[in-house]
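First comes the structure, then the notes that go with it.
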Amino acid sequence: MHSFVYRANVLLTLALTILALMCVIASFSDNFNFPSPSAEIQIVKFNGFQKKPPGNDEVSLTMNITADLQSLFTWNTKQLFIFVAAEYETPQNSLNQVSLWDAIIPAKEHAKFWIQTKNKYRFVDQGSNLRGKEFNLTLHWHIMPKTGKMFADKLVLSGFRLPEEHRRG
């Protein structure tokens with residue numbers, strides 16, 4: 001006959017194998033979720049647009065962010081990390097990204113929201129490249145699952161333009 005320790009070992013190994021298999025199946029099932037998030041960002045006003053020493057442009061703005069990200073949540077979603085970035089081109093770089101605002105959404109109930117906010121982080125360009133510049137505001141999200149790999153995607157909102165002249169808020 002087998003000892004108690006041997007039988008406990010077999011039982012524990014079987015339980016952990018089944019648990020690992022369930023985690024793999026759960027992670028794989030997220031591939032069948034086709035979310036349809038929606039968002040709208042409006043610039044309410046430019047609070048300030050200044051040239052700071054040593055010649056860098058800095059923008060302060062107020063925005064309305066409306067989003068419905070509930071479709072990103074599944075039973076395997078732990079939380080969402082979202083952020084809004086300004087994206088623009090300059091002669092030195094084909095893509096410049098500046099994070100303006102971010103948040104963590106812990107549950108599906110909080111994934112449909114409207115907020116009016118100033119940029120949380122400084123919108124600074126190294127140089128004087130922002131006057132009259134067209135730019136996109138992009139809502140990025142990272143889905144943090146309970147098990148499996150993390151997914152990331154974005155929604156690009158275009159058609160924004162910075163003022164032609166510097167001004168104080």
Check whether any side-chain heavy atom of I25 sits under 4.5 Å from a side-chain heavy atom of L21, and report yes or no.
yes
Between Y121 and D102, does a side-chain contact (heavy atoms from CB on, under 4.5 Å) hold up when you go through it step by step?
CA-CA 9 Å; Y121 306 105; D102 65 10; 2.9 Å; yes
Give the intermediate values and the outcome of side-chain contact (heavy atoms from CB on, under 4.5 Å) for residues L95 and Q97.
CA-CA 7 Å; L95 177 64; Q97 292 181 312; 4.1 Å; yes
I82 reachable from V156 in the ILVMFWY side-chain graph, under 4.5 Å edges
no
Under the criterion side-chain contact (heavy atoms from CB on, under 4.5 Å), I'd like the reasoning laid out for N119 against S60: C-alpha separation, chi angles, the key distance, then a yes or no.
CA-CA 6 Å; N119 51 310; S60 174; 3.8 Å; yes
Approximate separation, where rounding is to 0.5 Å, of N56 CG and Q126 CD
6.0 Å
Which atom pairs, donor and acceptor, lie under 3.5 Å between side-chain atoms of residues 33-45 and protein residues at least two apart or in another chain?
unit_1 : atom_1 : unit_2 : atom_2 : d
E40    : OE2    : Q42    : NE2    : 3.1

The reported gap from OG1 in T17 to CG in L12 (rounded to nearest 0.5 angstrom) is 9.0 Å
Using a 3.5 Å distance criterion without hydrogens, assess whether the side chain of T77 forms a donor-acceptor pair with backbone atoms of Q79.
no
Rounded to the nearest 0.5 Å, how far apart are NZ of K154 and CD of E87?
5.5 Å
On a heavy-atom basis, which atom in S158 and which in N136 lie closest, and how many Å separate them?
CB-OD1, 3.0 Å
Decide if atom CE of M144 counts as having more than 12 heavy atoms of other residues, nucleotides or ligands within a radius under 6.0 Å.
yes
Rounded to the nearest 0.5 Å, what's the gap from CG on D125 to CG on N96? Could you check?
6.0 Å
Sub-4.5 Å side-chain heavy-atom contact between T66 and F113:
no
Check the surroundings of atom NZ in K118: do more than 12 heavy atoms from other residues, nucleotides or ligands lie under 6.0 Å from it?
no
Once you round to the nearest 0.5 Å, how far does CH2 of W114 lie from CD1 of I65?
10.5 Å
Hydrophobic cluster membership, with links at side-chain heavy-atom distances under 4.5 Å among I/L/V/M/F/W/Y: are L130 and V124 in one?
no
For the pair V5 and R7, evaluate side-chain contact (heavy atoms from CB on, under 4.5 Å) and give the outcome as yes or no after the intermediate values.
CA-CA 5 Å; V5 173; R7 289 178 186 184; over 6 Å; no
Please name the pair of heavy atoms, one in E89 and one in S94, separated by the smallest distance, quoted to 0.1 Å.
CG-O, 2.9 Å
Transitively linked via ILVMFWY side-chain contacts under 4.5 Å: L157 with I115?
yes
What about L139 and F160, same hydrophobic cluster or not, with Ile/Leu/Val/Met/Phe/Trp/Tyr joined at side-chain heavy-atom distances under 4.5 Å?
yes
Within the supplied structure, the quantity of interest is the number of heavy atoms (other residues, nucleotides, ligands) at a distance under 6.0 Å from Q92 CD; does it exceed 12?
yes
Indicate whether the side chain of N129 and that of Y88 have a donor and an acceptor atom separated by less than 3.5 Å.
no
Is any side-chain heavy atom of Q116 closer than 4.5 Å to one of M63?
no
pair I105-L69: side-chain heavy atoms closer than 4.5 Å:
yes
Donor-acceptor pair between T62 and N47 side chains, under 3.5 angstrom
yes
Distance in Å, F123 CZ paired with F135 CZ, rounded so as to fall on 0.5 Å steps
5.5 Å
Check: H142/D153 side-chain N/O donor and acceptor closer than 3.5 Å:
no
Is a salt bridge present between E134 and R161, judged by a nitrogen-to-oxygen distance below 4.0 Å?
yes
Do F83 and T138 have side-chain heavy atoms sitting under 4.5 Å apart?
no
The single option from K51, H166, K52, R131 passing side-chain hydrogen bond (donor to acceptor under 3.5 Å, both in side chains) against D57:
H166
Please determine whether the number of non-hydrogen atoms from other residues, nucleotides or ligands lying under 6.0 Å from atom NZ of K112 exceeds 12.
no
So do I143 and W141 actually touch side chain to side chain, heavy atoms under 4.5 Å?
yes
Could you see if M150 belongs to whatever hydrophobic cluster contains L80? Use Ile, Leu, Val, Met, Phe, Trp, Tyr and a side-chain cutoff under 4.5 Å.
no
Check whether any side-chain heavy atom of L100 sits under 4.5 Å from a side-chain heavy atom of L137, and report yes or no.
yes
